[in-house]
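Written below as structure tokens is the structure these notes are about.
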Amino acid sequence: MTKTSVPITVFARTTSSPAHTYQVIVPIDLAQVFKPWGPFPGVAEVRDQTGTWNRPGTSRQTWFTDGSKADERLTEIAQGHGFAYELSGFTNVLAKLISAVRGEWSFLPDGTGTSIRWTYDFRPLPGRRWIVAGPFKPLWARYMRAALTRMVTVVQETPGGIMEE
């Protein structure tokens, strides 16, 4: 994060182990969990993925339900514990607000389950930080929480997701 970036973080908990949660979320079908909400489009599909989404350098295009797209590149992997990626090249209204977004996920043991932390670190364009940090931030946080809630459901419904007592 930089002094000018705008981080937005959401949290959730699942009864699944960190390893299982990681294994389900890293390759999750984005269109299944990123649905349109408020002013934001959902994810329609992913195209042109350059390999399995499990090693730094892999890239893809994320296409949204409004016909826009963004370029995504996996930048870090901590096997079983977390990952990070960067989104850039937006063709929607975000292109007028930000240069890029760094996404970061972590999966930490929490009692009999996992605590999930997901941060989007927005890099506003010059003169746009006030919009991103102001009216945009609470709306985007709600969008992220809705997607994360759907991801937790997928994790817990995927076989092997409940820890044995």
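Using modelled atom types, no side-chain atom of S106 and backbone atom of G82 make a donor-acceptor pair closer than 3.5 Å. A donor-acceptor pair under 3.5 Å links the side-chain atoms of T149 to the main chain of R145, judged by distance alone. Not a single donor-acceptor pair under 3.5 Å links the side chain of R60 to the backbone N or O of Q49. A donor-acceptor contact shorter than 3.5 Å is absent between the side chain of T58 and the backbone of N54. In this structure, Q61 contributes its side chain and K69 its backbone to no donor-acceptor pair below 3.5 Å. Side-chain atoms of T75 do not come within 3.5 Å of backbone N or O of E86 as any donor-acceptor pair.
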Candidate pair W53 and V46, rule side-chain contact (heavy atoms from CB on, under 4.5 Å), full reasoning: CA-CA 11 Å; W53 198 251; V46 171; over 6 Å; no
Let's go through F122 and W140 carefully: what are the C-alpha distance in whole Å and the side-chain angles of both, what is the deciding distance for ring pair (Phe, Tyr, Trp, His ring centres under 6.0 Å) to 0.1 Å, and is it a yes or a no? CA-CA 11 Å; F122 288 88; W140 193 266; 5.5 Å; yes
Test side-chain contact (heavy atoms from CB on, under 4.5 Å) on T15 and T112; report intermediate values, then the result. CA-CA 6 Å; T15 55; T112 59; 5.6 Å; no
Start with the C-alpha distance between I8 and M144, add both sets of side-chain angles, then the distance that settles side-chain contact (heavy atoms from CB on, under 4.5 Å), and finish with yes or no. CA-CA 9 Å; I8 303 173; M144 288 173 69; 3.8 Å; yes
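Side chain to side chain, E104 and T119 fail the donor-acceptor criterion of an N or O pair below 3.5 Å.
In plain terms, the two heavy atoms of H20 and T158 that are nearest each other are NE2-O, 3.5 Å. When all heavy atoms are compared, the tightest approach of T114 to P18 is OG1-N, 2.8 Å. In terms of heavy-atom proximity, A95 sits nearest to F90 at CB-O, 3.2 Å. Contact record, V6 with P124: CG2-CG, 3.9 Å, taken as the closest heavy-atom pair. Across every non-hydrogen atom of Y143 and K35, the tightest pair is CE1-O, 3.4 Å. Of all heavy-atom pairs spanning G57 and T50, the tightest one is O-OG1, 4.3 Å.
Checked against side chain to side chain contact (heavy atoms under 4.5 Å, CB included), A78 has the following partners two or more places apart in sequence or in another chain: H81.
Expressed to the nearest 0.5 Å, how far CG of D48 lies from CH2 of W63 amounts to 8.5 Å. Here E72 contributes atom CD and S59 contributes atom OG; the two are 9.5 Å apart, rounded to the nearest 0.5 Å. One distance of note links CG of D66 with OG1 of T91; it measures 7.5 Å at 0.5 Å rounding. In this structure, OG1 on T153 lies 9.5 Å from CG on L148, to the nearest 0.5 angstrom. The OG atom of S88 lies 12.0 Å from the CG atom of L94; values are rounded to the nearest 0.5 Å.
Side-chain contact between T21 and I116 is present, with heavy atoms from C-beta onward closer than 4.5 Å. In this structure the side chain of I28 reaches within 4.5 angstrom of the side chain of V154, judged on heavy atoms. Put simply, the side chain of F83 does not reach to within 4.5 Å of the side chain of E76, judged on heavy atoms. No side-chain heavy atom of R102 sits under 4.5 Å from any side-chain heavy atom of Y85. Contact of the P39 side chain with the W37 side chain is registered, since non-hydrogen atoms from C-beta on lie closer than 4.5 Å. Side-chain contact between Q32 and M151 is absent, with no heavy atoms from C-beta onward closer than 4.5 Å. For the pair T65 and F34, the minimum side-chain heavy-atom distance is 4.5 Å or more.
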Name the atoms and distances for all side-chain donor-acceptor pairs under 3.5 Å in residues 126-139, with sequence neighbours left out.
| from | atom 1 | to | atom 2 | distance (Å) |
| --- | --- | --- | --- | --- |
| R128 | NE | K96 | O | 3.0 |
| R129 | NE | T4 | O | 3.1 |
| R129 | NH2 | S5 | O | 3.3 |
| W130 | NE1 | G127 | O | 3.3 |
| K137 | NZ | P7 | O | 3.3 |

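The number of heavy atoms from other shown groups lying within 6.0 Å of CZ (R142) does not exceed 12.
Remark: R117 is not positioned above the aromatic ring of W105, lacking an NZ or CZ atom under 6.0 angstrom from the ring centre and at most 45 degrees off the axis.
L125 and V101 are assigned to two separate hydrophobic clusters, defined by single-linkage of ILVMFWY side chains at heavy-atom distances under 4.5 Å.
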